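For reference, the structure discussed in these notes is given below.
Proteins come first, then strands; the chains are lettered A, B, ... in the order of their sequence lines, and each starts at number 1. If you're wondering where the values come from, they're calculated on a predicted model, not measured in any experiment.
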Amino acid sequence: MNPSFLTGLNERQLEAVTLPHQSALILAGAGSGKTRVLTMRIAWLIDSGQASPASVLAVTFTNKAAKEMLIRISAMLPINTRGMWVGTFHGLCNRMLRAHHREAKLPQLFQILDSQDQLALIRRLLKAANVDEEKFPPKQAAWYINGHKEEGRRAHEADEHDDFNRRMKEIYARYEEQCQREGVVDFAELLLRCYELLAHNEALREHYLSRFKHILVDEFQDTNRLQYRWLKLLAGKENAIFAVGDDDQSIYAFRGASAANMQDLQKDFAVEKVIKLEQNYRSHGYILDAANALIARNQRRLGKNLWTVDTKGELLRVYEAATDLEEAGFIVEEVKSLHREGVALADIALLYRSNAQSRVLEHALFSAGLAYRVYGGQRFFERQEVKHALAYLRLLASDDDDSALLRIINFPTRGIGSRTLEQIQDMAAARNISLWSAAKEKTGMLQAPAAVPGKGLAGFIVMIEALRVATQGLKLPEVVAHVIEHSGLKTYYQTEKEGRDRLENLDELVNAAAAFVGDVQQEDTGLATFLAHAALEAGDNQAQAGVDALQLMTAHSAKGLEFHSVFISGLEEGLFPHENSMVENDGLEEERRLMYVALTRARRRLYLSYAQSRMLHGQTRYSIASSFFQEIPELLMLRINRSPAARFIAPSTVGARMQPESAGTQSSSPWRIGQNVAHPKFGNGVIVNAEGRGADARVQVNFGRDGLKWLALEYAKLTAA
DNA sequence: TTCCAACTGTTTTTT
DNA sequence: ACAGTTGGAA
């Protein structure tokens, strides 16, 4: 009696979807229908009467994935998805903490700090405590704090085996204290606080244990240790975890993701059978062959091989360019020809390892008049003008929010200088009160000097209180509009010459509030909920959707997407795989997984390109081809290089221009910058720098995986390669 | 308060 | 190369 929506599943998929009530691990390869299986599992559980919508909890990493899941479920089942808990880890934890804020020892309207806010708060604490920011950089403190929280460790549980750690621990403790005083939580805190809430409150745990019989997790390989512990707590002994993931696509170890959770899940939940989804519905055969061969080099794998019933398709096209400029030129020409053949621009992706690489590509595309869209960069709710407006709203929602107050107390400027600020900060610190209270007290003591009305500390306080009164009883979008208008933000950006875009964004914020209120999924449309929404869902960062434009993004952001044609550019040793990854544990394996993700984005055509020289950080760098080229069978690749003559001339010209001072070295010896060389011990490399002459002449060679080496020409047994 | 010069740190990113 | 930040002078 399989419902009609199950037709069209392959055997493995069907097995996964209709598994009996038990914990399971679905190893779902790229393009194997992972999201389909996950959503159908939910639909099947409900449709077959095994589960009520309220007993389902589904977790994803991004809001986009959560929305997608809800849409697909609604399409299959005529049910109200409101009772279902589908969301991101952070979103679900937020929901739980709001519902039980008292038990979690949080104010009802607790605010959420994004990473910017968190860093600002840490900076503030370091300054107040007179900590040397050189020795204890705020970024490192943030990393330390978040790392500890993700390990489930509070400040009092932190190590103090050396001076550095003792100091960090102290900062962590102060930070915890300050957050609690202000009633704010950072992203990691959402998870940890929720975890502790469930761990320490048995009645509550029992409540949720008896409710969520079915826990489903998307992208399980991306979970961190704390998220796994949270899941474990929610599952208890009776409930089933249905985890879908792909260890080969684990590319977020650097932010705490632990693919080891896949092994732990099998152990902790006695998972008997791991179901592998290996049939790929996306790519042609050669593309999969290349991806399979590459990823097979990794040692730590659960093991998986993608296959397709589709044709072998086209070989991978490999292009070696002399310079990054030339590489970009090649890509532009190929894109044009693909477009002429009828491939939509939006169905073509240009992938690269790091964001800095997009510039030269953008330049070439712009000159060629090709429409393109760059992913990444600043998101809507992270823009300064939007954050300013949100800070006003935050202060209206809660007096205690020092972070919000500091952001806007003198913006737009109203004559509150650093001295005044220091005074109220000292007063607040000494008496452990909020800056708002301190400010009020100070102006009270000074009898509100008859200065320019609306200026100074008193002016600020009067204004905030006026805003509070005026927005009483208004609807959310009206509140937002009123605050933008009467805080002085609007006037400020109207007079700024670069303020037009910012004004538009402020208008957009009012629209966002209206959309939020109009969203049927949203039960509570109060100010605090909107602020949480803004923090948890930073918003899209790209405008003009729907236009047919080429897609530019990093390999990381391409995960989960697919395109007719994909260009992977900058495939140079040191860039991709990135040199920094070599010092990390299993760094190369993670780079290889990233390359695997990039390869498997392509449905039909795949281009791999690299440049012998490239501008990076303001200097020309010379590199050899990525070692990944040696890991893909040569038979799968079609080399489409331009004429050898051009290849010979280009690098030496560039080298001579960039390094005029070493011209002597160059003319008197057979070596030149950009030259490919071979060394008996280090293998192939490229000369990237030179100094000295005669017997003192030394050259710096980039050996790729072995790094940069200075070699004395007199002794080193270098040969031209 | 505002402006400009000097200085810094540049892998990947979601919440 | 370049963007973002900081410090000092006006």
Side-chain angles (χ1 to χ4, degrees), chain A residues 59-66 87-95 112-120 123 127 133-134 137-139 146 149-150 185-192 194 218-219 222-224 226-227 250-257 324 351-360 363 375-379 381-382 384 410-420 455 496 532-541 553-560 570 574-584 587 590-591 593-595 597-598 614-621 658:
Chain A
V59 208
T60 62
F61 274 85
T62 65
N63 292 298
K64 197 174 152 200
T88 63
F89 278 99
H90 294 85
L92 296 175
C93 286
N94 176 53
R95 190 167 171 179
I112 298 166
L113 298 183
D114 66 19
S115 339
Q116 277 179 51
D117 299 330
Q118 182 188 39
L119 202 61
R123 279 219 173 87
K127 224 163 250 159
E133 290 200 9
E134 303 270 284
K139 274 201 182 134
N146 293 332
K149 288 189 178 184
E150 276 164 23
V185 298
D186 58 47
F187 288 132
E189 184 72 25
L190 278 173
L191 290 164
L192 181 54
C194 186
D218 189 21
E219 304 275 18
D222 288 340
T223 49
N224 66 33
L226 181 57
Q227 286 161 341
S250 162
I251 54 173
Y252 288 115
F254 70 91
R255 65 176 197 212
D324 48 352
L351 308 185
Y352 34 80
R353 175 66 238 267
S354 63
N355 286 305
Q357 289 165 250
S358 76
R359 271 189 64 256
V360 63
H363 186 80
Y375 285 75
Q378 208 166 34
R379 331 269 294 282
F381 285 113
E382 288 169 355
Q384 70 146 13
N410 199 33
F411 190 95
T413 52
R414 45 178 74 86
I416 299 174
S418 50
R419 228 187 64 244
T420 316
K455 286 270 166 187
E496 274 291 286
H533 163 84
L536 286 176
E537 192 165 346
D540 266 341
N541 40 26
M553 65 191 85
T554 63
H556 280 91
S557 11
K559 191 165 91 155
L575 200 57
F576 198 179
H578 199 280
E579 54 202 357
N580 292 6
S581 71
M582 300 306 158
V583 295
E584 283 155 29
E590 175 136 322
E591 293 292 302
R593 289 191 293 269
L594 184 58
M595 181 64 180
V597 166
R614 167 181 307 278
M615 273 304 246
L616 204 66
H617 308 322
Q619 331 192 62
T620 310
R621 296 229 329 196
M658 301 311 292

For this session: Ignoring backbone atoms, establish whether A:Arg379 has a side-chain N or O less than 4.0 Å from OP1 or OP2 of B:dT15.
Result: yes

For this session: Report yes if a side-chain nitrogen or oxygen of A:Asn94 is closer than 4.0 Å to either non-bridging phosphate oxygen (OP1 or OP2) of B:dT15; otherwise report no.
Result: no

[X] [atom1] - [N] [atom2] separation (whole Å):
X        : N      : atom1 : atom2 : result
A:Glu382 : B:dT15 : CD    : C1'   : 10 Å
A:Asp218 : B:dT15 : CG    : C1'   : 15 Å
A:Gln227 : B:dT14 : CD    : P     : 14 Å
A:Glu133 : B:dT8  : CD    : C1'   : 14 Å
A:Leu192 : B:dT15 : CG    : C1'   : 15 Å

Among all residues two or more places apart in sequence or in another chain, which pass the side-chain hydrogen bond (donor to acceptor under 3.5 Å, both in side chains) test with [X]?
X        : value
A:Glu189 : A:Lys149, A:Arg154, A:Arg193
A:Glu382 : none
A:Glu579 : A:Arg621
A:Arg593 : A:Glu590

Please enumerate all residues that pass side chain to side chain contact (heavy atoms under 4.5 Å, CB included) together with [X], with sequence neighbours excluded.
X        : answer
A:Thr62  : A:Lys64, A:Ala65
A:Pro412 : A:Tyr392, A:Arg414, A:Leu489, A:Tyr492
A:Thr554 : A:Tyr352, A:Asn355, A:His556, A:Ser557
A:Ala535 : A:Ile112

Set out, line by line, the N/O atom pairs under 3.5 Å between protein and nucleotides 1-6 of chain B.
residue: B:dT1; atom: OP1; partner: A:Asn410; partner atom: ND2; Å: 3.1

Exercise. Looking across every strand, which nucleic acid part, if any, lies under 4.0 Å from A:Asn63 by heavy atom: base, sugar-phosphate, or nothing?
Worked result: sugar-phosphate

Problem set entry | Positional range of nucleotides in DNA chain C within the contact set of chain A, heavy-atom, under 4.0 Å | C:dA1 to C:dC2

For this session: Please list, chain by chain and in numerical order, all residues satisfying ring-ring contact (aromatic ring centres under 6.0 Å, His included) with A:Phe61, sequence neighbours excluded.
Result: A:Phe89

Can you name the atoms? Protein N/O to nucleotides 10-12 of chain B N/O, anything below 3.5 Å, with the distance.
residue: B:dT11; atom: OP1; partner: A:Asn580; partner atom: ND2; Å: 3.4
residue: B:dT11; atom: O4'; partner: A:His578; partner atom: NE2; Å: 3.3
residue: B:dT11; atom: O2; partner: A:Arg353; partner atom: NH1; Å: 2.7
residue: B:dT11; atom: O2; partner: A:Arg353; partner atom: NH2; Å: 2.4
residue: B:dT11; atom: O4; partner: A:Glu584; partner atom: OE2; Å: 2.5
residue: B:dT12; atom: OP1; partner: A:Asn355; partner atom: N; Å: 2.7
residue: B:dT12; atom: OP1; partner: A:Asn355; partner atom: ND2; Å: 2.9
residue: B:dT12; atom: O4'; partner: A:Arg353; partner atom: NH2; Å: 3.0
residue: B:dT12; atom: O2; partner: A:Arg353; partner atom: NH2; Å: 2.6

For this session: May I ask you to decide whether A:Arg379 forms a salt bridge with A:Asp114, counting only side-chain N to carboxylate O separations under 4.0 Å?
Result: no

Problem set entry | Pair A:Ser115-A:Gln118, side chain to side chain donor-acceptor pair (under 3.5 Å): steps then yes or no | CA-CA 5 Å; A:Ser115 339; A:Gln118 182 188 39; 5.8 Å; no

